[in-house]
Amino acid sequence: MLVTGCDLDPRADPAPPAPTTGAPAAPDEDNDLLILDEVRAGVGTALALVEETRRRHPSLRATLRPLLVAQRAHEAELASAGRDSEGRGDPTPAVRRGPAGALAAVRLLESRLERRLTDASVRAGSGGFARLLASLGASLGQHLTLLPQAPPT
Amino acid sequence: MSTLDAVQATLAGEHAALYLYGALGGRTSQSGAPALYAALREGYDVHRAQRDRLTRVLRDLGTEPVAAAVAYDLPDPLRSDIDVQRAALALERRCAAAYSSLVARSVGEQRRWAVTALTSSAVRQLTVGGEAEAFPGIDELAGR
């Protein structure tokens with residue numbers, strides 16, 4: 001037997017699930033659109049903070065570049081997932097004066113966004129949408145792990 | 001694939017993951033490659049806990065959990081630490097894909113747990129040579 005640890009084709013079309021296992025109900029599209037708007041607002045705000053932090057603190061440009069690239073990809077994927085955004089973004093926090101404080105502020109906002117993505121994934125009606133949101137959260141988990149605690153010297 | 005099938009498939013993957021982690025750990029020197037050894041040890045412990053949880057879930061549902069195979073083929077070659085690390089990374093990528101699939105096919109607390117397992121696997125990839133991605137667990141979005 002070939003080792004296929006955790007192998008499961010993620011692209012397989014979901015069939016009607018077994019009723020005894022807490023199967024997903026029929027997706028509530030209105031609810032998912034509300035979640036999409038909420039998540040796009042959160043990602044947009046976090047991305048704006050990363051961009052502004054890089055602009056104000058050149059010493060953090062390289063440090064924050066991987067996160068910037070990932071979050072732009074997240075924004076693009078979410079944009080392709082649904083209707084035009086209604087533009088209700090969260091207020092973007094001001095960039096802190098020193099690089100250390102600015103980096104800590106990015107970390108805090110991204111950590112909150114990771115938790116919001118997990119909660120949004122659990123609330124999503126569509127399994128495919130839930131999967132996308134979970135992946136975005138996992139991506140932030142990776143980037144937060146790699147983000148240094150202190151700015152480069 | 002039903003939710004139950006997805007849980008069974010994830011459990012089958014965890015059986016294989018445990019076997020492979022055990023084999024990889026057996027080929028790694030604790031003193032010669034301490035970081036890799038620690039990563040493999042942690043991976044083994046986490047996957048064992050996940051296997052046990054999936055087993056309990058299935059039993060609670062009155063379903064017989066899929067059993068582990070007697071043995072599994074190992075990746076070839078496994079001669080160096082790099083080979084071992086590469087095999088562990090490939091394994092965690094498959095696990096992330098499995099848990100992302102489970103996210104899509106579950107609801108409520110079971111889905112929340114699957115999200116946590118996906119993130120855990122994605123972060124563990126960093127300890128075995130992986131890089132941060134934009135869409136861990138979703139192979140069709142890789143490279144975006």
Side-chain angles (χ1 to χ4, degrees), chain A residues 1-25 66-67 69-77 80 114-115 117-147, chain B residues 1-7 9-10 12-14 16-21 47 61-62 69 71-75 91-92 94-112 114-116 118-119 121-123 125-126 130 132-141 144:
Chain A
M1 182 174 188
L2 182 66
V3 166
T4 53
C6 290
D7 205 359
L8 183 62
D9 182 359
R11 291 160 299 182
D13 290 330
T20 53
T21 55
L67 179 59
V69 171
Q71 219 141 28
R72 281 182 176 160
H74 295 170
E75 187 178 55
E77 195 60 32
S80 73
E114 184 189 357
R115 288 194 294 274
L117 286 164
T118 296
D119 290 341
S121 174
V122 174
R123 284 187 286 126
S126 154
F129 184 42
R131 179 172 171 247
L132 175 64
L133 298 175
S135 177
L136 265 52
S139 172
L140 290 191
Q142 287 182 324
H143 285 280
L144 281 164
T145 300
L146 294 176
L147 209 57
Chain B
M1 179 183 284
S2 72
T3 308
L4 205 55
D5 289 341
V7 175
T10 308
E14 289 289 13
L18 272 176
Y19 183 94
L20 182 53
Y21 260 114
H47 284 285
L61 291 168
Y72 299 83
D73 290 341
L74 295 175
L91 170 63
E92 285 298 345
R94 288 195 298 273
C95 288
Y99 278 104
S100 103
S101 190
L102 190 57
V103 166
R105 292 174 175 83
S106 55
V107 292
E109 285 311 301
Q110 186 173 309
R111 179 183 285 173
R112 186 178 294 280
V115 174
T116 302
L118 164 60
T119 301
S121 181
V123 169
Q125 288 173 28
L126 306 175
E133 305 166 81
F135 303 102
I138 303 185
D139 291 346
E140 63 268 33
L141 294 182
R144 289 199 195 175

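In what follows, chains are A, B, ... by sequence order, proteins preceding strands, each numbered from 1.
- Scanning both residues, B/P136 and A/Q142, for their nearest heavy atoms gives CG-OE1, 3.9 Å.
- Contacts of B/Q125 with chain A are made by side-chain atoms alone, with heavy-atom separations under 4.5 Å and no backbone atom involved.
- For the set B/L18, B/L126, B/T116, the count of heavy-atom pairs under 4.5 angstrom toward chain A peaks at B/L126.
- Contact detail for B/G108 and A/V122: the closest heavy-atom pair is O-CG1, 3.8 Å.
- Put simply, of A/G137, A/G128, A/A130, the one with the most heavy-atom pairs under 4.5 Å next to chain B is A/A130.
- Contact count versus chain B (heavy atoms, under 4.5 Å) is highest, among A/A70, A/P66, A/A134, for A/A134.
- Between the side chain of A/S139 and the backbone N or O of B/E133 there is at least one donor-acceptor pair closer than 3.5 Å.
- Scanning all heavy atoms of the two residues, the minimum distance from A/A138 to B/L118 falls at CB-CG, 4.0 Å.
- Comparing A/L140, A/T118, A/V69 by heavy-atom pairs within less than 4.5 Å of chain B, the highest count is held by A/T118.
- Proximity to chain B (any heavy atom under 4.5 Å) is shown, for A/A76, by neither the backbone nor the side chain.
- A 4.5 Å side-chain heavy-atom check between B/L141 and A/L132 finds at least one atom pair inside the cut-off.
- Judged by distance alone, with hydrogens and angles left aside, the side-chain atoms of A/R131 form no donor-acceptor pair with the main-chain N or O of B/I138 at under 3.5 Å.
- Looking at every heavy atom in both residues, B/F135 comes nearest to A/A73 through CZ-O, 3.6 Å.
- Scanning all heavy atoms of the two residues, the minimum distance from B/R111 to A/A124 falls at NH1-O, 2.8 Å.
- The two residues A/S121 and B/V115 have their closest heavy-atom pair at OG-CG2, 3.6 Å.
- Contacts between A/E114 and chain B at a heavy-atom distance below 4.5 Å involve the side chain alone, from C-beta outward.
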